[in-house]
Amino acid sequence: MTDVAKRRWFQFHLASAVVMLVVAGGMVGQNLKLRYHAGEQWRPAFMGWPCTFAFESAPDNYGRFDWQWALFPAVAINFATCMGIVIAVGVSAEALLRYRNRRTQPTVP
């Protein structure tokens with residue numbers, strides 16, 4: 001008789017954790033990537049996705065740029081957005097794996 005232990009609701013497969021890790025790395029990469037506005041005399045760079053949390057100010061008289069930081073609200077929105085995406089991907093991957101495992105296991109009468 002093949003008795004399969006039922007997985008608890010809070011246990012994740014290793015594959016789901018790896019997928020979540022890759023998605024989290026992509027989100028960090030999107031947040032730290034420099035983006036540029038075009039169409040002006042100078043092209044200011046900014047960082048952050050979906051909200052900008054750092055941007056270059058206009059050059060001073062010596063041609064130097066300074067970074068301006070708008071930390072808490074933008075970082076909180078970015079963190080919440082990224083965590084929501086990572087959790088949604090993790091739950092979807094786990095549901096897909098559990099569905100696949102449920103279909104391939106033999107039923108016990």
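No experiment lies behind these values; they were computed from the predicted model shown. Position 1 is the first residue of the sequence, and the numbers go up from there.
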Find out if a path of hydrophobic residues (ILVMFWY) with successive side-chain heavy-atom gaps under 4.5 Å connects V75 to L32.
yes
Could you list the donor-acceptor pairs under 3.5 angstrom formed by side chains in residues 44-51, with sequence neighbours left out?
none

Closest heavy-atom pair and its distance - S16, E94:
OG-OE1, 2.8 Å
Find out if a path of hydrophobic residues (ILVMFWY) with successive side-chain heavy-atom gaps under 4.5 Å connects V28 to L34.
yes
Which Ile, Leu, Val, Met, Phe, Trp or Tyr residues join V91 in one cluster when any pair of side-chain heavy atoms under 4.5 Å counts as a link?
F79, M83, I87
Taking all heavy atoms of L97 and all of A15, pick out the closest pair and write down the distance.
CD1-CB, 3.9 Å
Closest approach of F53 and A74, non-hydrogen atoms and distance?
CB-CB, 3.8 Å
I need the N78 CG to Q30 CD distance, nearest 0.5 Å.
11.0 Å
